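All remarks here apply to the structure that follows.
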Amino acid sequence: MRMTDAPRYRFAPSPTGFFHVGGARTALYNWALALRTGGTFVLRIEDTDESRNSPEWTQGIIDALSWLGIDSNSPQFEGPYFQSHNAALHVAAAQRIFDAGHAYWCDLTPDQVQERAKETGKQGYDGYSRDRGLTGGPGQVLRFRVPAGSTVVTDLVRGDVEFANDTIEDFVLLRSNGSPMFLLANVVDDIEMRITNVVRAEEHLPNTPKQQMLWDSLGHTPPIWAHVPVLVNEQRKKLSKRRDKVALEQYRAEGILPDAMINYLMTLGWAPAGDTEIVPWSLMVDEFRLEDVNHSPAFFDVKKLAAFNGDYIRAMTIDGFIAACAPHLETTEAWPHERFNADVFAAIAPLVQTRVVTLSEVPAMVDFFFLQDPTIDQAAWDKTMSADFARDVLKDFAAAIATAEWNHDSLKQILESWTEARELKLGKTQAPIRVAVTGRTVGPPLFESIEILGREESLRRITASIARLG
RNA sequence: GCCCCCAUCGUCUAGUGGCCUAGGACACCACCCUUUCAAGGUGGCGGCACGGGUUCGAAUCCCGUUGGGGGUGCCA
């Protein structure tokens, strides 16, 4: 395949101030396809209003894409382009459409259009100015003259979709202030950037016949369309910023791994062959086909995302895990920053790795190592210290570990023999010690934690708890 | 209102007329393992929306119903 024949996929987010998980999935689809076909991923910031473009947003989106592995430095990445920069082109195209007789001027205001609709009992614009021969000017909009007949949109995921043209009103191309509408701008930019494939969310499907007519009227062959199902919340409504947690950045901050997010997003509406959904990106690039994408909306299930993430966390090397935790450990307010000890964390890290599903849970799990005194949970204290053996186990264990060989096996043996002598269960007798040392009833394995904490500090905490018992 | 799309376990999906007694994953439950909690192992629960066709045979094809979603701006 010659390079000029390679497909060009466009990804066109609008500047909403954050990067939507739905957009992330579409971006991934486009990127996967570009990679497999040797094509190009074209990024275009989609807004005809220059004032809404901000360098921060653009950088944010490039960062988010790069987090997803979509590298803006790749030779297969092009852009960012800015729709708003091309207004002159859009207007010129509108002029050409008018010159060819496919558009006409109209001086009705939105209110007047509505007024007429009310009178005729029909919806939308009724084509009032079609044959009035207006020549344009202030206060007039340019409307597309929707031809008779029907428009068939051929879609890779949905097949042929037919729209009767008389259900499509003569839509506006140029506003009365002369600025181009999004729909027009979009088509002109796609033509200009030689876009061959448009993969976007299903919500755009009803507008596609309009765009297709624009492609036709400009004398170009429309691209290959693919409308993928939208992502929905538990109410089955399209994910929205107001109701739902949709910002990719939020998940990133919580310690969702990019690979987990990528993998999860790809399985929404599509599944790799075989019995596992956790698969490497390279395999998804090889196997992903638009034709295989499901037709129905998919629920964005945070629990499943978390499960994927846990899987990816456990699959990390220990050094990788420690490195990934670093940002969360540095910024946490779980302990005074200066008390953190990287060696201590490295020692406990392997035991933390199987116990978290997101990285943001890590600090809370190891905070007792880096606090002057553990934060004692009152409920945990009440529950465990009320055992009749609580005081004895604390005193005897403290006495024994004062001189014990310092490793978790021997620490465990000490408590085991103490427990057996009294015909108790280790699960019960370790509880008061755990609360004394960590402040809670759950956490990393106890004897390993004590070993890492050190003899002196462990003794101090247990002694303090005995004193607290009174 | 009008137009369009969609319909397999609670959720994400496999399934493209016989391999389906409908497979997997997440969640849930139970058991095993176990120093708490996890992780891991084993097992379980649970679904083709409904009604008509077509066919020797339908989750798969057709029609209808119902239900959901999206669109319908001088927004993007």
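Per chain, numbering begins at 1; letters A, B, ... match sequence-line order. Please read these numbers as outputs of a predicted model, since none were measured by experiment.
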Let's test this: given Watson-Crick or G-U wobble pairing with both distances under 3.5 Å, identify the partner of B:C20.
none
Protein-nucleotide distance (A:R158, atom CZ; B:U16, atom P), rounded to Å:
20 Å
What nucleotide among B:A14, B:G71, B:A27 has an atom nearest to a side-chain atom of A:N294?
B:A14
Tabulate below the donor-acceptor pairs under 3.5 Å that side-chain atoms of residues 163-173 of chain A make, not counting sequence neighbours, or state none.
unit_1, atom_1, unit_2, atom_2, d
A:N165, OD1, A:T151, N, 3.2
A:N165, OD1, A:T151, OG1, 2.7
A:N165, ND2, A:P147, O, 3.1
A:N165, ND2, A:A148, O, 3.4
A:T167, OG1, A:A164, O, 2.6
A:E169, OE1, A:Y125, N, 2.9
A:D170, OD1, A:R130, NH2, 3.1
A:D170, OD1, A:V146, N, 2.9
A:D170, OD2, A:Y104, OH, 2.5
A:D170, OD2, A:R130, NE, 2.7
A:D170, OD2, A:R130, NH2, 3.4

A:R434 and A:T438 side chains, donor-acceptor separation under 3.5 Å
no
The correct set of residues in residues 258-276 of chain A placing a heavy atom under 4.0 Å from RNA chain B is A:T267, A:L268, A:G269, A:A271, A:D275
Quiz item: A:E203 side-chain donor-acceptor pair to B:G69 base, under 3.5 Å
no
Base partner of B:A25, which must satisfy Watson-Crick or wobble distances under 3.5 Å:
B:U11
A:F144 ring centre to A:K210 NZ or CZ under 6.0 Å, with the angle to the axis within 45°?
no
Under 3.5 Å, N/O pairs linking protein and nucleotides 29-34 of chain B:
none

Earlier contact from the 5' end, RNA chain B, for A:F182 and A:P229
A:P229
Closest approach to the side chain of A:T167, judged atom by atom: which nucleotide of B:C3, B:C4, B:A38 is it?
B:C3
May I ask you to decide if the ring planes of A:H227 and A:W225 are parallel, tilted or perpendicular, using 30° and 60° as cut-offs?
parallel
